[in-house]
Amino acid sequence: MNPNKKRLRRTMMFLNAQKPGLIKDPYIYKPDSIMLDLEDAVAENQKDAARFSLYHALQTIDYRGCEKVVRINGLETAFWREDVRCAVAGGCDSIRIPKTESAQDVKTVEEVIIQSEKEFGREPGSVLIMAAIESARGVMRALDICESSERLFGIALSGGDYTKDLQTRITGTGIELMGARQNMVIAARAAGVQCFDTVYTDLNDMAGFQQDVETIHLMGFDGKSIINPRQINTVHKIFTPSEKEVIFAEKVVREIDEKKAQGIGVFTVDGKMIDIAFYDGAKRTIELAKASGTYKGGLLDD
Ligand SMILES: CC(C)(COP(=O)(O)OP(=O)(O)OC[C@H]1O[C@@H](n2cnc3c(N)ncnc32)[C@H](O)[C@@H]1OP(=O)(O)O)[C@@H](O)C(=O)NCCC(=O)NCCSC(=O)C[C@@](O)(CC(=O)O)C(=O)O
Ligand SMILES: [Mg+2]
């Protein structure tokens, strides 16, 4: 398995691949991933210019550990094949497929990735895929999409296009996204891939943004697509376990290991009932804190 498949992706920040001011140094804000956009942020008559700029950025800029995802144009357009070739030639880590409606959409893009890896001397299997789901049909087929390819590391809800398809609108309350969010997280977990929430477009409503991030964190998402560096800290704070949470998780793991050896299945930690069902969650909290760079281990050491 490509080791990057499960990497930390709390924040995936969109930027227009055509704008030098955005693509030159987004790593200074420390998002986990950047998503260089060739799709909706780029006007129809600027697609060639955006591709040119994307290729040179990928070839010349050291993005210092940020994952480099390229959002290609949709499969209904004349642009997407050349987008894939250019992104793979440049050295992208992953391709984001917009408006994914079926497992076949993923396989179709994968074929061109395979050809491009050969053409440009990239290691076979090195370019990963994420699928953005932006329609009712896509949501209904989320599990098939999640299981479509070994290269697919996750799915992402795209709320703007999705609510248009649903004949509603983004309200800021999340009501209109509830069913899609729930269905997609369940599908992603069933398939063992990651799940990302949609962008929050009101940059002046940071309280609304925080509420939105807290909701999707509790729903089980792995992270969120974002549009601006101002949104990074809020997401990282909510998606990174606190010291209190890590201490509790360490205690749970230690107690379960010890009690198992003593033949005890259920007990309490800090007054809370614990049994084996809590083990994986506690381990995940510790791993997430380590991957986030906030914990190196040893919190319970004397
Ligand atoms: C919104 C705005 C114009 C505001 O600009 P402003 O300049 O007013 O922002 P400021 O805060 O003043 O910027 C302070 C400093 O940060 C720098 N800075 C800003 N943004 C940065 C960034 N993204 N990356 C790196 N750097 C950045 C800026 O250059 C400045 O640097 P400096 O001058 O040095 O101080 C800008 O953010 C922006 O373009 N965002 C990305 C928009 C985009 O790509 N949309 C397409 C994807 S969504 C979609 O398609 C819908 C979807 O598909 C989604 C789904 O799939 O979920 C669906 O269906 O829903
Ligand atoms: Mg969209």
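Indexing begins at 1, ligand by ligand and atom by atom, following the structure's order.
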Any N, O or S atom of E134 closer than 2.8 Å to the Mg ion (ligand 2) | yes
Output for pair (I23 CD1, L54 CG), nearest 0.5 Å, gives 7.0 Å
Assess whether atom CD of Q167 is packed by more than 12 heavy atoms of other residues, nucleotides or ligands within 6.0 Å.
-> no
Going by atom type alone, with no hydrogens or angles, which donor-acceptor pairs under 3.5 Å involve a side-chain atom of residues 89-99 and a protein atom two or more places apart or on another chain?
residue, atom, partner, partner atom, Å
D93, OD2, K68, N, 2.7
S94, OG, E67, OE2, 2.9
R96, NH1, S225, OG, 3.3
R96, NH2, S158, OG, 3.4
K99, NZ, E39, OE2, 2.5
K99, NZ, D40, OD2, 3.4

Closest D161 atom to the Mg ion (ligand 2) [N, O or S only] | OD2
Of all the heavy-atom pairs spanning G298 and E250, show the shortest one and how long it is.
-> N-OE2, 4.5 Å
H56 ring center near F52 ring center (under 6.0 Å) | yes
R169, CZ atom: more than 12 neighbouring heavy atoms under 6.0 Å | no
Between CG on residue N183 and CE on residue M178, distance to nearest 0.5 Å = 13.0 Å
Starting from the N and O atoms of ligand 1, find every protein N or O within less than 3.5 Å and list the pair with its distance.
residue, atom, partner, partner atom, Å
ligand 1, 9 (O), N228, ND2, 3.2
ligand 1, 11 (O), N228, ND2, 3.1
ligand 1, 11 (O), R230, NE, 3.1
ligand 1, 11 (O), R230, NH2, 3.0
ligand 1, 16 (O), Y29, OH, 3.3
ligand 1, 23 (N), F14, O, 2.7
ligand 1, 23 (N), I227, O, 2.9
ligand 1, 37 (O), I227, O, 3.1
ligand 1, 37 (O), N228, ND2, 3.0
ligand 1, 40 (N), I227, O, 2.7
ligand 1, 50 (O), R71, NH1, 3.4
ligand 1, 50 (O), R71, NH2, 2.7
ligand 1, 53 (O), R71, NH1, 2.9
ligand 1, 56 (O), R96, NH2, 2.7
ligand 1, 56 (O), S158, OG, 2.5
ligand 1, 57 (O), T198, OG1, 3.0
ligand 1, 57 (O), V199, N, 3.4
ligand 1, 59 (O), E134, OE1, 3.3
ligand 1, 59 (O), D161, N, 3.1
ligand 1, 59 (O), D161, OD2, 3.0
ligand 1, 60 (O), G159, N, 3.4
ligand 1, 60 (O), G160, N, 2.7

